[in-house]
Structures are given as structure tokens and as C-alpha cells.
Amino acid sequence: MDAQKQNTTPLSLRRLIALISLFVLIFSGFAVRLYRIQITEHEFYREQARGGATLTLPVAASRGEILDRDLSPLVANTTAYAVVLDYNYFPAGGDEAARARQNEVILALTDLLTARGEGWNDTLPIGADAPYVFLDERESSVAALKRKLRLADYATADNCMAALCRRYHLEGYAPAEQRLLAGVQYEMEVREFSAFTPYVFSSAVSKETSYLISENATDFAGVQIQTTAERDYVAGRTAAHMLGTVGPIYAEEYAALKEQGYALNDTLGKSGVEAAFEQVLRGTAGKRVLVKDADGVVVNAYEQTAPVPGDTVVLTLDAALQAAAQQALADKVAEMRKLPATSGGKFLNNGHDVASGSVVVLDVTNGGVLTAASWPDYDLSTYTADYAELLKDPDKPLFNRALNGAFACGSTMKPGVALAALNEGVITAKTTFTCRYAYDRFSASGLVLHCMGRHGSIGVVTALQKSCNIFFYDTGLALGIDTMNRYSSQYGLGEKTGIEIGEVSGVLAGPAHSAAVGKTWVPGDTAGAAIGQSDNLFTPIQLAAYAMTLANDGVRYKTHLLHGLLGYDGTLKSDYTPQIEAQLSLSDEAIDTVRQGMIAVGTSGTAASYFRHAAYTVACKTGTAQVGGNRSDHGVFIAYAPAEAPQVAVAVVMENGTSKASASVARRVLDAYFNAAGDGAADAPFGELLP
């Protein structure tokens, strides 16, 4: 036993020593940590110990700018002073007493802004004065308001105001104050005003007003001035339809956007380039941390992560050419609207009733959109202030005709029909048909077709030059509608062209479309489709893509606005790679023959009076689409130039504006392009910002 005891004692002692060492090590670690907490990091942990909560708030990033192809600014940022309510300092609570404290701040703030002629955010869809009415064009917002208030669909604006007064304890205020406070309180609720979500009371006030608010901070509990980047639409009217707008996030949008990291008070691209490139323009929000004590008082605030500004989007648009196209349209419309409507009591088909105009210019080497102009236009820099009047304007200036207007194309269809027929061997360069003005092939069925002249025996080049309908009736019937439409689809007609900001697809006439609208396709429809009549409806950008395909011997690129992206520091991040959408296999004879005919249109044909003396050679085609009903014909024009080495393709549509007007506008736009190209100035190297 003694021997065994002697053998085990050293082992137990060793275990005891090891255990003591472990405790010493553990307590040494605690001691070091305690020293750091109490001495080294005393101030930090003292603040943390006082804190009842730590809140992480987003810090908005500056939105990326938008430049044209020469790196000239179209949309920039300017410094703005936003009035923001911070929940962490604002009077809290929802009872009557808390609402009274909140309303006192709100009324003081609105009194100041009103005195200085400045406004605040209020999207309540109810008019300012009793008896209350719902605002026009706000149906979805009205429905959301009724749901929020749990009112029936038939509830009136007065019913809604009464419910809002009860909800926000506004019964003791004057009617004008009730509407004002209801608007602000409702907006705060919709924007989910909370410790994590500040409320932007006014997006931009003057510097002087911001100083007044800051100097009188004791009167405005929870009101802060934040320096923000506000959109500066430096281009004004230029490319307004293309650039688009930004706006607040609405409650119905937020459910989907929340997962993408948006806050309810963020700005969102609503249309055009602003919407299409939202993900690169928006940047990455930073993080700001607030530390509160147990009473909810903020005891510390610091920026944890700095925001990262959005990328700069460089577009293919040429701002100078775009402005020239818009001016050419505006001048032509003003000129035509001064023309007489009748002569001797007879309606004049002279374009006096022109409804709209549009121009699209494409870079034929890659499909880049150099110009997409639509008349009437509007000024982006005053869009918000002008919005109500723009909605009422009978000319509908907010509608982008260049991408979303679909029009009959008239005889601009003929080059494509000729190209298809030549390539399929249906006709040759030497094939002739006889034009005697009247076309009696369908006379037995009561369909009377005709030409604009009597051309006699005529071949394809001359038929294009003189725009002979009879030649193309026979050619279209020989080709057949199915083959004609197969080629037309390849040209991009009746197909979306790919532009990033959205477009309509138009209509390609044929048996399928007729069946869809309850009609029966007959051979006479094929004859009409061959000259661009029938039910064909194409957008100006489709017509420009079609002209680009003719210029490229059958290659059609996807149209696009993106030239490339620059980082916020000006470094090149990416540029655009052209994408081929269609590539026809065409014979040299077909290509050369159609090109000869289109050149003849400009030198001695239907557009000669506009292009015979141009400094460049143009391959083109005029088109007149009959409308009837005492309305002037639509005027359509397509072209590419220089014909021998194409650089650009253009399409012009004048709604009720005649083909002469469309050719005239095209001449001004092409002159602007080639005059700029001939001034010796080199394009700005992509990726280098201009001074």
C-alpha cells in the first residue's frame, strides 16, 4: 500500500499543478481583457455601457452621371441641401400628446419654408382645399390610401381626410393645417419613418434656408440638414425622352426593391436611361452607426463604411446631333402648321395638320444610337414643375415617338422587297414590268390599285428611283407574303431592336396578324404590303435599323445606348461589344442593284430636290403612307450615307407631315452630322474625361 501511495502522489501533484496553471492562464487572460476594457478602451466601452441600442443606418451614395459619346455631361449632380427628419431625435410616439409635439415641429418647419417660397414632399393624393377631391392620374395612390385607412373602395376624399384627422389627432387644427399635417404625417408613415429610416421632408432647399434651420435648431427638434447630390439635367430639352427621370420609391414598389438593398427614402430611376442603368448608377450605400443610452438618447455616432458613388454611364448619343435633330423637327413642324388647311373649300394634303415628328440616327458599324429625337419634346430640368401641364398638352410631349410610335412606312418598304426578290431569284436587275397607272389584277373583286404615275416598261432600279407601285405589286405577289416577311423580320421590321430603355414591337402585316385581328388575308393585301401599306406599322428606330441592314449588306446590329462605364474616379471599367442580331446571306447583284436604285432616289428621283447637291452621296427612299379622313399623309424617309462607305443610317417619320417634310428634316440632320465630322475635331478618346 505504501509503495502504491508513493507511486501515485507525484501523479496527483502533477495534475494539481497543471490545473492551477490552467486557472492562472485563464485569469491572466481575463485580467488583460479587463485592463483593456477599463483602461485602454475605457471611453469606447463607457459609451457602449450607457447605450440601450446600437443602430446601423444607411448613408446614400451619389448617383453616377450620364455623358454623351464625347464625354459631355447630359445628367450631372449638383450639391443640394435636404431637410431630413431623424427619428432618433424627433419627438416620438403616436398618442395625442406626442402627435401635438410632432405637429408643432412640422408647422414651424412648413411656416419657414412657405415664407421662403420653398416646398416639401407631400404625395397625399388629395387636393389642398375643402371640399376635398382626389387628384387626377393618381388612381393607384388613392387605392393604396384607402387600403391603409381600411376604407371601402367607394370612400370619398372627404371620408379619407376625416380618417386621417382621427389617425393623427388633427381634430383641433384649422382645415388648412389639417391637410398640411395629414400630408406630412401620412408621408412619414408610408415612408416607414423609424429609427432605421429617416424621412426626407424636403429634397432640396436653398443654402440660405438650410442655414436658418441649422441656426434655429432648438425650434426644430429632430430636423437635420444633409448635403446631398441632386440630379442636374444640364442637357435641358436635349434627349429628354431618352435620359428619363428619377423619383421616390413608392410603397407598392418597395416590397420587391427591399431585397435589393433599397431604403424607402432612396431615389430610383423611373424611366429612360435612369431606369435602364439603375443598378450601375445607384452606387453602394455606406453605413452610419448611432449608439443610444438606456433612455434612447444618442450618445455616439460614427460612419462605419463610406458610400461608394455610382458609375458614370457613357452613352452612344451625340448631344450636338441630337439637339440639331430636335431643332430641325421643331422648325419643320412650326413651318407646316402655318400652312393653309384648305384651298377653295378643298382639304389640302400639305402637312398643315402635322401631329408629331421623330428622327433616329444609328452608327452602322455597331448599332449605336447617335440620335433619337421626338417632337414634341420637353425640358427635363423643369419636368417636375411642368408635369401637370405636360399631361394636359394635346400634343402629348411625354410620349417617345422614336421608340414607341408605330406608323405605316409607305414606299420605304420597297428597297427591302426588291432586295428579297433579287436575292431569291424572283426578279433580276433586268426584269421589267409595265406600269399604266391603274392595276386591274384585282378589279373583279372590286379592289382598285394604282400608281402615282405612268412609267411604262420599268426595271427595279428605275422603279426605286421613281417609286413605281405597279412594279412592286407584281414583285410582291411573285415573292409571296411569307418570304417577304421572312426578310422583313431579318431587317428588324416588326421586331424589337434591342435598345436598353424599352420599345414597342410594331406590326408586320401578314396572314398571322390578320387572323389575330379577325380578318382574312387575301392576295390584294400582299400587293399592298409590298409598297408599305396594308397593316404594316413600324417604329422609327426599326426603320433606322432596317436602313442600317441595307447599308451593311445584310448585317443588322442590336441597337444600343451604352457606350461604356467609367468609375467615379474617371477610370474605364467596361465598354460595349457590338452584337449582331441578324445576318442575311445576300448576292452581290442584289446588294449592288438595290444600292443603285437608292442612290438614284437622291440624285434624280423622289428625293433629288433635297440631296442632289449634297456634299455626300446618300442612298435613300421616300415613303408616303395614306391616312385618309381629311388628314395629311404620313411622311417617311430612310437613308444611309455616304453610300459608298456608310457611316450612319437615318429614319425620319412625320406624322401627318408628308414625305417632303421628312426628306427635308433628314437633309438637315445629315448635314449636321457631316459638317461636324468635317470640322477636323477628333472624337474624345473613350475613358478620358473632357476638361
Side-chain angles (χ1 to χ4, degrees), residues 349 351 355 405-421 433 435 437-443 445-453 455 460 463-464 466-485 487-489 491-494 505-540 542-543 546-547 601 606 621-638 651-660 662:
N349 184 7
F407 307 93
C409 67
S411 293
T412 58
M413 191 77 172
K414 292 173 180 175
V417 173
L419 186 62
F433 295 113
C435 171
Y437 175 71
Y439 190 74
D440 57 9
R441 184 164 178 171
F442 305 109
S443 57
S445 63
L447 177 61
V448 179
L449 301 175
H450 61 273
C451 189
M452 301 300 291
H455 301 120
V460 63
L464 287 169
K466 297 184 177 181
S467 200
C468 176
N469 287 347
I470 304 299
F471 184 92
F472 284 97
Y473 290 148
D474 282 337
T475 300
L477 289 165
L479 184 62
I481 189 62
D482 291 339
T483 303
M484 193 189 311
N485 281 357
Y487 276 81
S488 293
S489 294
Y491 302 149
L493 298 174
S505 57
V507 175
L508 185 59
H513 173 72
S514 288
V517 296
K519 297 195 301 186
T520 301
W521 187 264
V522 297
D525 293 325
T526 299
I531 66 165
Q533 299 295 142
S534 189
D535 291 331
N536 285 317
L537 295 173
F538 306 136
T539 63
Q542 286 174 358
L543 292 168
Y546 163 45
V601 171
T606 55
K621 186 68 190 77
T622 56
T624 298
Q626 297 175 348
V627 178
N630 278 350
R631 294 303 307 270
S632 296
D633 298 334
H634 296 331
V636 187
F637 184 84
I638 63 168
V652 180
V653 177
M654 301 298 293
E655 184 181 6
N656 307 118
T658 77
S659 61
K660 289 183 178 180
S662 61

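Excluded from the calculations below are hydrogen atoms, water molecules and symmetry mates; all remaining heavy atoms, backbone and side chain alike, are included.
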S.K.: Backbone N or O of S659 within a donor-acceptor pair of the S662 side chain at under 3.5 Å?
M.R.: yes
S.K.: Which residues pass the ring pair (Phe, Tyr, Trp, His ring centres under 6.0 Å) test with Y487, sequence neighbours left out?
M.R.: none
S.K.: When rounded to the nearest 0.5 angstrom, what distance separates CG in D525 from CG in L447?
M.R.: 8.0 Å
S.K.: With D535, which residues qualify under salt bridge (Lys or Arg N to Asp or Glu O under 4.0 Å), at least two apart?
M.R.: K519
S.K.: For the OG atom of S632 and the CD atom of E655, what is their distance to the nearest 0.5 Å?
M.R.: 11.0 Å
S.K.: Which pair of heavy atoms, one from A509 and one from N485, lies closest together, and at what distance?
M.R.: O-ND2, 2.8 Å
S.K.: Given F538 and V653, is the side chain to side chain contact (heavy atoms under 4.5 Å, CB included) satisfied, shown in steps?
M.R.: CA-CA 10 Å; F538 306 136; V653 177; over 6 Å; no
S.K.: Can you tell me which residue among Y473, F472, F471 is in a ring pair (Phe, Tyr, Trp, His ring centres under 6.0 Å) with F433?
M.R.: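 Of the listed options, the one satisfying the test is F471.
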S.K.: Before you tell me yes or no, could you show the steps for I481 and W521 under side chain to side chain contact (heavy atoms under 4.5 Å, CB included), namely the whole-Å CA-CA distance, both residues' side-chain angles and the distance that decides it to 0.1 Å?
M.R.: CA-CA 10 Å; I481 189 62; W521 187 264; 3.7 Å; yes
S.K.: In terms of the angle between their ring planes, are H450 and Y437 parallel, tilted or perpendicular, with boundaries placed at 30° and 60°?
M.R.: tilted
S.K.: Restricting to non-hydrogen atoms, name the atom on G480 and the atom on T526 that form the minimum distance, rounded to 0.1 Å.
M.R.: C-CG2, 4.4 Å
S.K.: Looking at F442, is its backbone amide N or carbonyl O close enough to the side chain of S445 to form a donor-acceptor pair, meaning the two atoms are under 3.5 Å apart?
M.R.: yes
S.K.: In Å and rounded to the nearest 0.5 Å, what is the CE to OG distance from M413 to S534?
M.R.: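 So the gap between those two atoms works out to 9.5 Å.
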S.K.: Are T606 and F637 close enough, and set up right, to give a side chain to side chain contact (heavy atoms under 4.5 Å, CB included), and what steps lead you there?
M.R.: CA-CA 11 Å; T606 55; F637 184 84; over 6 Å; no
S.K.: Is Y546 reaching over with its side chain to a backbone N or O of T412, donor-acceptor style, under 3.5 angstrom?
M.R.: yes
S.K.: Are H455 and I470 close enough that some pair of their side-chain heavy atoms sits under 4.5 Å apart?
M.R.: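 Not touching, per the 4.5 Å side-chain cut-off.
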S.K.: Of all the heavy-atom pairs spanning A530 and V417, show the shortest one and how long it is.
M.R.: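 Shortest heavy-atom contact: O-CG2, 3.6 Å.
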S.K.: Does any part of the side chain of H634, heavy atoms only, come nearer than 4.5 Å to the side chain of T624, both counted from C-beta?
M.R.: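 With C-beta onward as the side chain, the pair stays apart.
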S.K.: Give the minimum heavy-atom separation between C409 and L543, together with the two atoms involved.
M.R.: CB-CD2, 3.9 Å
S.K.: Would you say the side-chain atoms of T539 pair up with the backbone N or O of Q542, donor to acceptor, closer than 3.5 Å?
M.R.: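 Present.
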S.K.: I need the minimum non-hydrogen distance between H513 and L508, along with the two atoms involved.
M.R.: CB-O, 3.9 Å
S.K.: Using every non-hydrogen atom in the two residues, find where K414 and K621 come nearest and quote the distance to one decimal.
M.R.: CD-CE, 4.2 Å
S.K.: Are any side-chain N or O atoms of N536 and backbone N or O atoms of A408, one a donor and one an acceptor, separated by less than 3.5 Å?
M.R.: no
S.K.: Any side-chain donor paired with an acceptor under 3.5 Å for K660 and T622?
M.R.: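 No - no donor-acceptor pair under 3.5 Å links their side chains.
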S.K.: Check the pair N469 / L449 against side chain to side chain contact (heavy atoms under 4.5 Å, CB included), numbers first and verdict last.
M.R.: CA-CA 9 Å; N469 287 347; L449 301 175; over 6 Å; no
